[in-house]
2 protein chains.
Amino acid sequence: MQNSEALALTAVLLAAAGELTQRINDGVVARGFEGRPAYGFAFTRLSAGGATVTELAAHLGVTKQAASQLVDELVRKGYVERQAHPGDARARLVVLTERGWACTRAAEEAAADAVRPWVELLGESEVRALRDQLARIAPYGPIRPAW
Amino acid sequence: MQNSEALALTAVLLAAAGELTQRINDGVVARGFEGRPAYGFAFTRLSAGGATVTELAAHLGVTKQAASQLVDELVRKGYVERQAHPGDARARLVVLTERGWACTRAAEEAAADAVRPWVELLGESEVRALRDQLARIAPYGPIRPAW
DNA sequence: GCAGATGGTCAAGCAGGTTGACTATATGCT
DNA sequence: AGCATATAGTCAACCTGCTTGACCATCTGC
């Protein structure tokens, strides 16, 4: 594989990811929620039974201070609440509120809408293959692109 | 395709793009250049015969003011220079210097290194297919992810 | 029960972007 | 030709989201 092809791969990955992210966010806003893209990625982590600020920070690829600020924001907007952590008095469990669940569902719908044109263009099996290949490559890296 | 799968696709796209971007930047730095990820994407645009600030802004998905600042930075570090634009006295053509070309080649090498593990895991034809599919999906969007 | 690690927050600072205003040149219309 | 409008670029002010550094409370291992 030529060097310039590798750069092109990166560019197209970024473009695709950016486009999807933007469309999902637009879709969420259109459904009556206010938010920025980071919300959706926080929600996917929180929907698995809640998480601590530190876990969330690792998932998003930011410092725990930044994650804490994000949680403040989400609390203020009524999407999550902080609960006592069972079994660790230092930690606090961040969990979705009812409105948080509603927003999560909205994000999933918006994501499905955003991907639909891809499915129509490439076919469902191809898109799924794409996802699986990418999952093999970047299994559990942080969500946040480095710039 | 289920809704949650669409969100997962976005997450893995972002993770993959972020990982690649980071590794490329690290590779460029390791080769003795100082830079941030945006440089590489600016270079790919400039290597096609130079570009104006406005064209660069569109390519990167930022305002022309932001692009102008980036160019200032690149000039200060000796990677590019501003020339008179032939045929439009308002515009100025931003072109790579010799050092800018060297840095571009370093970025391409670093990109090839970063992609190599993927090629080993999936095979060259698969990676190329991945790139081609993504190119069909997000043909000429701006490079910058929305957050 | 003490030393060091870990979860969380507060405060300050910063990088990289945005919006708004402005100048110089180009383009199109009459 | 001449005027109105659009476009390229820059300057200045500001803002958002993140980082670094310091700190307290609690947990864990010896």
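Every chain is numbered from 1 and lettered A, B, ... according to where its sequence line falls, protein lines coming before strand lines.
Contact of the B:Cys103 side chain with the B:Tyr39 side chain is not registered, since no non-hydrogen atoms from C-beta on lie closer than 4.5 Å.
For the pair A:Leu74 CG and D:dG17 P, the computed distance is 12 Å after rounding to whole Å. Straight-line distance from the CZ atom of A:Phe41 to the C1' atom of D:dG17: 16 Å, rounded to whole Å. Between the C1' atom of D:dA8 and the CD atom of B:Glu55 lies a distance of 11 Å, rounded to the nearest Å. Summarising the geometry, the separation between CZ on A:Arg36 and C1' on C:dT18 is reported as 16 Å, rounded to the nearest angstrom. Atom CZ in A:Arg92 sits roughly 11 Å away from atom C1' in C:dG7 (whole-Å rounding). Here D:dT20 presents its P atom at 13 Å from NZ of A:Lys64, a figure rounded to the nearest Å. Atom pair B:Leu56:CG and D:dA8:P shows a separation of 13 Å (rounding to whole Å applied). Put simply, CG on A:Leu70 is 12 Å from P on C:dT9, counting in whole angstrom units.
Using modelled atom types, one side-chain atom of A:Glu55 and one backbone atom of A:Thr52 make a donor-acceptor pair closer than 3.5 Å. Without hydrogens or angle criteria, A:Thr10 side chain to B:Leu20 main chain gives no donor-acceptor distance under 3.5 Å.
Within the nucleic acid shown, A:Thr54 comes within 4.0 Å of sugar-phosphate atoms alone, with no base atom in reach, counting heavy atoms only. B:Thr63 comes within contact range of at least one nucleobase, with a heavy-atom separation under 4.0 Å.
In this structure, A:Gln69 and A:Leu93 both approach DNA chain C, and ranking their closest nucleotides by distance from the 5' end singles out A:Leu93. Comparing B:Glu73 and B:Asp88 by the nucleotide of DNA chain C that holds the closest heavy atom to each, the one mapping nearer the 5' end is B:Glu73.
Distance from the side chain of A:Ala66 is smallest for D:dC18 among the nucleotides D:dC27, D:dG9, D:dC18. Considering only the side chain of B:Ala89, C:dT25 comes nearest among C:dG17, D:dT10, C:dT25. Of the candidates C:dG7, D:dG9, C:dG16, D:dG9 carries the atom nearest the B:Ala91 side chain, counting heavy atoms from C-beta on.
For B:Gln65 against C:dG20, a side-chain N or O and a base N or O form a donor-acceptor pair under 3.5 Å.
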- Determine, step by step, whether A:Glu19 and A:Arg23 satisfy the salt bridge (charged side-chain N to carboxylate O under 4.0 Å, His left out) criterion, reporting the C-alpha distance in whole Å, the side-chain angles of both residues, the deciding distance to 0.1 Å, and the verdict. CA-CA 6 Å; A:Glu19 188 181 319; A:Arg23 291 160 83 107; 3.3 Å; yes
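Of the side-chain N and O atoms in B:Ser68, one or more sit less than 4.0 angstrom from OP1 or OP2 of D:dT10. One finds a side-chain N or O of A:Arg82 lying less than 4.0 angstrom from the OP1 or OP2 phosphate oxygen of C:dT9.
By the side-chain hydrogen bond (donor to acceptor under 3.5 Å, both in side chains) test, B:Asp132 pairs with no residue at all, sequence neighbours left out.
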